[in-house]
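Following: one structure in structure tokens, then a few remarks.
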Amino acid sequence: MTSAETVATTPEPAAPVRTSRAARSGVPRYVRPPATRVLALPAGVWRLILIIAFFGGVEILAQSGAVPRLSLVPVSEMAVQAGELLTDTDFLVNDLLRSAGIVVVSFVVASGLGVAVAYLMWRSAVVRSALEPYLSVFYAVPTFAVYPILVVLFGVGVWPIVVLASTFSIVVVILNSLAGFDSVPEVVSKLDRSLKLTRWQSFRLILLPSAMPDIAAGVKLCMAYSVIATLAMEFILASDGLGNFIADAYDSFAVAEMYGAILIVGALALIANLGISAALNRLDWRRR
């Protein structure tokens, strides 16, 4: 056989078969977390780009004079005013720390009690039938209207706001936690019987990790709802706190102080959300 015939009859090497990432991974696509990079940039960089673009646009709009100063001030002036407020002892003690304390207490109470109520509803069909209709229509009820009753029960001060903020925030935790418990496969819920676990061990080691993705979503929303309820109550009814400070600044046309306080609220809410997300991601089995 000639060399030419040998070359002609020799089979060409097969091209390597490229398998997709979904085929290589044993975890289905719908339960895997989304990609952490877009256009070769991580999510944190894109978050920073969006923040800079937003505040840069506000700065240009305010500096251009297209919007009256009574409606909007430059971001640079907001930042200067926010820095001055953070050095004011009265503002720190009577407004910032007071509101932050109410938010933290209402967030912790709503998160812990919300998961407990959801677990009780998941375990008991009677409790679920009794509570579920009211949870579905809760946000259609004017919650702030019960503030006079809370004043009668707890007096004027911090506790009526704590109770109302916790009540306003707990429903979203209950609904998300209940959805998480319902999504646990039956085979997983039967695992505790095969391992002869106690009810607490079953909840802590099997049920809670399985439902954690939905619980985490509810807890993140709980923080936002706690901030909203606290500031709204202070804006209308309180004599101290960040909400009251913003309302007084608005009424007295102190626009720079108002936006400075709003900037502080936004920064603290963003830091709290990022911290809670980082902590919950460690408990989320999809991100391990």
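Just so you know, these numbers come straight off a predicted model, no measurement behind them.
- Counting only distance, with no hydrogens or angles, the side chain of Thr167 and the backbone of Val163 share a donor-acceptor pair below 3.5 Å.
- In this structure, Leu178 is not a member of the same hydrophobic cluster as Val137, with clusters built from ILVMFWY side-chain heavy atoms closer than 4.5 Å.
- Side-chain atoms of Ser106 and Ser169 include no donor-acceptor pair closer than 3.5 Å.
- Take Tyr225 and apply the ring-ring contact (aromatic ring centres under 6.0 Å, His included) test, not counting sequence neighbours, and it matches Tyr139, Phe168.
- Contact record, Ser166 with Ala110: O-CB, 3.8 Å, taken as the closest heavy-atom pair.
- Judged by distance alone, with hydrogens and angles left aside, the side-chain atoms of Ser71 form no donor-acceptor pair with the main-chain N or O of Val67 at under 3.5 Å.
- Two residues are said to be in side-chain contact when any heavy atoms from C-beta on lie closer than 4.5 Å; Leu96 and Leu86 meet this criterion.
- Contact detail for Val255 and Arg69: the closest heavy-atom pair is CG1-O, 3.6 Å.
- Shortest non-hydrogen contact noted between Thr230 and Ser99 is CG2-O, 4.1 Å.
- Within the 4.5 Å cutoff, side-chain heavy atoms of Ile215 are placed close to those of Leu208.
- By the 30° and 60° cut-offs, the orientation of the rings of Phe245 relative to Phe91 is perpendicular.
- Ile60 shares a hydrophobic cluster with no other residue; no ILVMFWY side chain has heavy atoms under 4.5 Å from its own.
- Here the side chain of Glu132 pairs no donor or acceptor atom with the backbone of Ser129 at under 3.5 angstrom.
- One finds the CD1 atom of Ile102 at 9.5 Å from the CH2 atom of Trp159 (value rounded to the nearest 0.5 Å).
- Asp248 contributes atom CG, which lies 10.0 Å from atom CD of Glu257 (distance to the nearest 0.5 angstrom).
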